[in-house]
Amino acid sequence: MRIIRRLVEIREFLPAMQEKYQPNQIEQVAQAHWNKTRSFNVDSSGDKPKYYCLSMFPYPSGKLHMGHVRNYTIGDVLARTYKMRGFNVLQPMGWDAFGLPAENAAIQNSVPPAKWTYDNIAYMKQQLQSLGFALDWERELATCKPEYYKWNQWLFVRMLEKGIAYKKTQVVNWDPVDQTVLANEQVIEGRGWRTGAIVEKREIPGYYLAITQYADELLSALDTLPGWPERVKLMQANWIGKSTGVRFAFSYELDGQRELMWVFTTRADTIMGVTFCAVAAEHPLATRAALNNPQLAAFIDECKHGSVMEADMATMEKKGMRTGLFVEHPLTGAKVEVWVGNYVLMSYGDGAVMGVPSHDERDFAFAKKYGLTITQVIAVEGQTFSLDGWQEWYADKQRGVCVNSGKYDGLGYAAAVDAIAADLAAKGLGEKKVQFRLRDWGVSRQRYWGCPIPLIHCDACGTVPVPDDQLPVKLPEDCVPDGSGNPLAKRADFVDCACPKCGKPAKRETDTMDTFVDSSWYYARYSVDAATRTANDRMVDAGTQYWMPVDQYIGGIEHAILHLLYSRFWTKVMRDVGLVKKDEPFANLLTQGMVLNHIFSRRTDKGGIEYFAPDEVDLVRDDAGHVIGATLKADGSTIDYGGVGTMSKSKRNGVDPQSLIEQYGADTARFFMMFASPPEQTLEWSDSGVEGAYRFMKRVWAFGVQLKSGCAGPGAPTALRREVHLLLKQANYDLGKLQFNTVASACMKMLNALEKAPADPHAREGFSILLCVLSPIAPHIAHALWIELGYGPDILQAAWPEPLDEALVQDKQELVLQVNGKLRGSIKVKVGADRTAIEAVALASEEAQKFMAGLPAKKVVVVPGRLVNIVV
RNA sequence: GCCGAGAUGGCGGAAUCGGUAGACGCAGCGGACUCAAAAUCCGCCGCCGCAAGGUGUGGGGGUUCGAGUCCCCCUCUCGGCACCA
């Protein structure tokens, strides 16, 4: 019995090479090896250069989706490549564990969000492990754990002390039936998702982080990030939206008081064309005017209903109503009527705008709609102004000069703005100002499943921060939200507390933090050393100084603005508090595209839409092969083909990674993900594409089996050797560009070449190169074959291959032959032949003679190493 | 609506500096093996054409000996828009 067990152990340790590719067995052995040898557990020491490779952590929604597999495979390919290139590589993983879906699940299934979240984490962790990612699991974190969010709270208190965190009112979506605040995604066509009640805009107090204090730095520091995609930097710059203009005031007298109504404009040069002003519904002037005007009060009320989303604000019908109040033009003294406009935002600038209908498209439409005066004050030579319709040039800053503007007539944009700003300043009614589109970050959420805001409200002392030694304020984990109100507010054991200042009974703040706070610094927490993870006596430590910044960050393009901007801001605050020395968290950024699949649906009798999973339908194609429709496998009925779209539960077009791994193995899943498209582009799911990847794995294995039984030695350079090294050169170049689909393709080409010449003396060397290049993408099969063929004990310890010059040399090369730019043939010349020699060979060639048709060559273009073009 | 990105065979995609368009893979077609099927292997495969050849990178125009690549205009698709993450 003992002997048999011993034999079994030996077999497991050194299995005889299987003829057949058996991914599940190979993958378990490889993963066990990495665990046992602690291949991916690292510390912040040693003389290797460091490489911090980070993929955006997942929300624990239940199970992994293909977007995760794609994201983490991209990161893993980089991590493994850098490891083989001799870097000390950190690749951690964790959980963005607070958020709305846990509360939704609680409402549906009566499970506490904590339990739901922890169960999901356990399942998804096992899924991640089965994919063989090179992760340091000892650094795993979950943002819903007190040891993590303690530091959200701690830094929040520091921000309060520095005046970065402050309180003001915020506008939220309010569900009057559930008496609760709704997220934008919970508002469907203006109604609450659960109650169907018409949603109101409501102003409630909340805490803000003054990200605008950092606006200038967040903008200018984009120039210090050459490793970020230009489009992401551009999106951030537009989001921050720095604009230089003039802030000035219209004065008015009301109830015996002299008051000022401030506005901001980037077009002060058009100030003489002001024919009206518009204020937001929440503006004090609007409130005052509505006191004795029920119609206006009703309109303001209407404005306060409806969406708080910018997209809705921009597309909705622009409406306004007179207030009956007039303000005084600061330069002309003319009376200007004030309107309430539903398109004016209280949260931007001062909540009021000047109306210059002649030179602002929106004002033009507004004035036409309500019959307001339109006065041209900018002219462009050769253009005629007319009220028939809006013309682009009306708003042209570059070419226009002032007209109908008194002393400013004839001035261009810059001169006019300078003169007008000076005159306003002289009257004390305005000055030049830089304004940002960026707004301060509202972090209060009226939700249960989030990090408690560490504040206590005391009748005597006011709002008091929780002292550091009482942090963290722990969130009770046994609440089950039911969708109405915030469950925390109903928990006396949470709410009732003693004031830290005077000791009298007080109430704890029940708002929690935006989950973007959690994800704004997790990358720094991963980097702390083991001792800090145990003691948890500091937010970051020497490990952070060693690992930061993240060398490569990888995540979805949908995070291009908010998450990345908040993280940059948080890093700068941590720097200013003295926690880190770096200005920016992410040196290089890769924004991966979405994973798409086909969408099939049909209208139901009730007018809704019913979706079908791709494996429930057959495609209908036209003669050219285009998909024109689909039928249901079950009953043959016709359904609609909706093209491709992001995989989602609601559209039923998701593919479960689990069944994929079980059927084909992790290597096939990873290989397909890398091969199907370059990382930055969208990826279309294809079952047969996965089959293709699987076929390739089987061929790699079969070639390994074949090579093991008949090994040739070294010899003179061959065409195979040159081809493999050329492909290696290409693969290394593509790796530098993070273009992994062509790296996978190079692996396939190498195998194609090897299969054609299995007896070549360089086949063994060629296969070792193939295994190395393949190993970051499909690490398990590479690990197994590396050992089987005796290349070494562990492919992770192998040096990354570089192409050899001696393998690449050749004496003759082929050049493309063109006549008048059209491909007509090719010629062979000696490498290094001069222009004249090449021209002679080209002109003498049969094809050139034929297509020149006896005409003399006007010109011969020679591109060395590429082509010859004869122009006649 | 605003900001950003993209469009190449039947499909996913390749083409590094303006230089052979369609690498690699999928699907399809033909063949080998098999009693048969699957798996595997070999061959063909943009479109029109018997061929010579012509034509072709979302549409229209331009620059160039030469344009998928550069410039101008247009169409469509996708991402973000501040409480989804």
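- Spacing between B:C45 and B:G30 at atom P, rounded to whole Å, works out to 15 Å.
- We find that CG of A:Leu823 is positioned 5 Å from C1' of B:U20, with the value rounded to whole Å.
- Contact check on A:Glu755 versus A:Arg699 returns a salt bridge, with a Lys/Arg side-chain nitrogen under 4.0 Å from an Asp/Glu carboxylate oxygen.
- In summary, A:Lys233 and A:Glu230 engage in a salt bridge, as defined by a charged side-chain N under 4.0 Å from a carboxylate O.
- To the nearest whole angstrom, the two C1' atoms, one in B:G49 and one in B:U34, are 40 Å apart.
- Straight-line distance between the P atoms of B:C48 and B:G56: roughly 15 Å, to the nearest whole Å.
- Nucleic acid contact class of A:Glu814 (heavy atoms, under 4.0 Å, all strands): none.
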Yes or no on ring pair (Phe, Tyr, Trp, His ring centres under 6.0 Å) for A:Phe98 and A:Tyr149, after CA distance, side-chain angles and deciding distance?
-> CA-CA 10 Å; A:Phe98 275 137; A:Tyr149 64 68; 5.7 Å; yes
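- Proximity of A:Arg437 to the phosphate of B:C2: no side-chain N or O atom is located under 4.0 Å from OP1 or OP2.
- Counting atom types as modelled, A:Asn869 pairs a side-chain N or O with a base atom of B:C65 as donor and acceptor under 3.5 Å.
- Contact check, A:Arg445 against B:C83: a side-chain N or O comes under 4.0 Å of OP1 or OP2.
- With B:G19, B:C3, B:G1 as the candidates, the nucleotide lying closest to the side chain of A:Asn238 is B:C3.
- Contacts of A:Thr515 with the nucleic acid, taken as non-hydrogen atoms under 4.0 Å apart, involve only primed sugar atoms and P, OP1 or OP2.
- Judged purely by atom type and a 3.5 angstrom limit, A:Asn152 has no side-chain atom pairing as donor or acceptor with the backbone of A:Cys451.
- Using a 4.0 Å heavy-atom cutoff across all strands shown, A:Asp734 reaches no nucleic acid atom at all.
- The side chain of A:Thr315 lies closest to B:G1 when the candidates are B:G80, B:G1, B:G13.
- In this structure, A:Ser826 reaches neither bases nor backbone, as no heavy-atom distance under 4.0 Å exists between it and the strands shown.
- Residue-level contact check: A:Leu234 touches the backbone only, with heavy atoms under 4.0 Å from sugar-phosphate atoms and none from bases.
- One can place CE of A:Met235 at 10 Å from P of B:G6, the figure rounded to the nearest angstrom.
- B:G79 and B:G28 have their P atoms separated by 31 Å, given to the nearest Å.
- The nearest whole Å value for the distance from the NE2 atom in A:His598 to the C1' atom in B:A27 is 12 Å.
- Separating the P atom of B:U8 from that of B:A23 is a span of 16 Å, rounded to the nearest Å.
- Within 4.0 Å (heavy atoms only), A:Trp239 reaches at least one base atom of the nucleic acid.
- For A:Arg699 and B:U40, the CZ to C1' distance is 11 Å, given to the nearest whole Å.
- Looking at heavy-atom distances under 4.0 Å, A:Arg362 makes no contact with the nucleic acid at all.
- In this structure, A:Asn741 reaches the B:A14 phosphate: one of its side-chain N or O atoms is under 4.0 Å from OP1 or OP2.
- Checked against B:C83, B:G80, B:G12, the side chain of A:Asn173 finds its nearest nucleotide in B:C83.
- Residue contacts shown for A:Met316 are absent, as no nucleic acid heavy atom lies under 4.0 Å away.
- For A:Glu684 and B:C11, a side-chain-to-base donor-acceptor distance below 3.5 Å is absent, hydrogens and geometry of angles not being considered.
- Among B:G80, B:G19, B:G54, the nucleotide with an atom closest to any side-chain atom of A:Arg824 is B:G54.
- Using cut-offs of 30° and 60° for the angle between ring planes, the A:Tyr214 and A:Phe569 rings count as perpendicular.
- B:C72 and B:U63 are spaced 15 Å apart, taking the P atom of each and rounding to whole Å.
- Side-chain nitrogen and oxygen atoms of A:Lys698 include at least one within less than 4.0 Å of the OP1 or OP2 phosphate oxygen of B:U40.
- Residue contacts shown for A:Pro678 are limited to sugar-phosphate atoms, with no base heavy atom under 4.0 Å away.
- With the nearest nucleotide of RNA chain B identified for both A:Ala676 and A:Leu438, A:Ala676 has the one nearer the 5' end.
- Taking the side chain of A:Thr682 as heavy atoms from C-beta on, and the options B:C65, B:G13, B:G19, the nearest nucleotide is B:G13.
- Looking at A:Tyr207, A:Tyr208, A:Tyr566 one by one, the single match for side chain to side chain contact (heavy atoms under 4.5 Å, CB included) with A:Trp441 turns out to be A:Tyr566.
- The phosphate of B:C83 (OP1 or OP2) has no side-chain N or O of A:Arg447 nearer than 4.0 angstrom.
- When the P atom is compared between B:U16 and B:G68, the two are found 12 Å apart, to the nearest whole Å.
- With rounding to whole Å, A:Ile557 atom CD1 is found 7 Å from B:G79 atom C1'.
- A:Phe672 comes within contact range of no nucleotide atom at all, as no heavy-atom separation falls under 4.0 Å.
- For B:C24, neither phosphate oxygen OP1 nor OP2 lies less than 4.0 angstrom from any side-chain nitrogen or oxygen of A:Arg695.
- Applying the 4.0 Å criterion to OP1 and OP2 of B:U55, one finds that A:Lys822 has a side-chain N or O inside that range.
- With B:A27, B:C83, B:G19 as the candidates, the nucleotide lying closest to the side chain of A:Ala183 is B:C83.
- At B:C83, none of the side-chain N or O atoms of A:Lys201 fall inside 4.0 Å of OP1 or OP2 (strictly under the cut-off).
- Of the side-chain N and O atoms in A:Lys20, none sit less than 4.0 angstrom from OP1 or OP2 of B:U40.
- Within the nucleic acid shown, A:Val181 comes within 4.0 Å of at least one base atom, counting heavy atoms only.
- Note: CZ (A:Phe703) to P (B:U40) measures 18 Å, nearest angstrom.
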Steps toward salt bridge (Lys or Arg N to Asp or Glu O under 4.0 Å) verdict (A:Glu317, A:Lys369) = CA-CA 11 Å; A:Glu317 192 189 353; A:Lys369 178 170 178 174; 2.8 Å; yes
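- Comparing A:Ser745 and A:Val871 along RNA chain B, the residue whose closest nucleotide (by nearest heavy atom) sits nearer the 5' end is A:Ser745.
- The side chain of A:Asn752 sits closest to B:G25 out of B:A85, B:G25, B:A14.
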Kindly determine whether A:Phe672 and A:Trp685 satisfy ring pair (Phe, Tyr, Trp, His ring centres under 6.0 Å), including the steps that lead there.
-> CA-CA 9 Å; A:Phe672 169 72; A:Trp685 185 257; 5.1 Å; yes
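- Ring pair A:Tyr694/A:Tyr664 is perpendicular by interplanar angle, where above 60° counts as perpendicular and below 30° as parallel.
- Remark: A:Arg231 CZ to A:Thr591 OG1 distance equals 4.5 Å, nearest 0.5 Å.
- Rounded to whole Å, the P atom of B:A14 lies 14 Å from the corresponding atom of B:C24.
- Counting only heavy atoms from C-beta on, A:Lys737 has its side chain closest to B:U16 among B:A23, B:U16, B:C81.
- Within the nucleic acid shown, A:Phe696 has no heavy atom closer than 4.0 Å to any nucleic acid atom.
- Nucleic acid contact class of A:Arg439 (heavy atoms, under 4.0 Å, all strands): base.
- In this structure, A:Gln739 reaches the sugar-phosphate backbone alone: every heavy-atom distance under 4.0 Å involves primed, P, OP1 or OP2 atoms, never a base.
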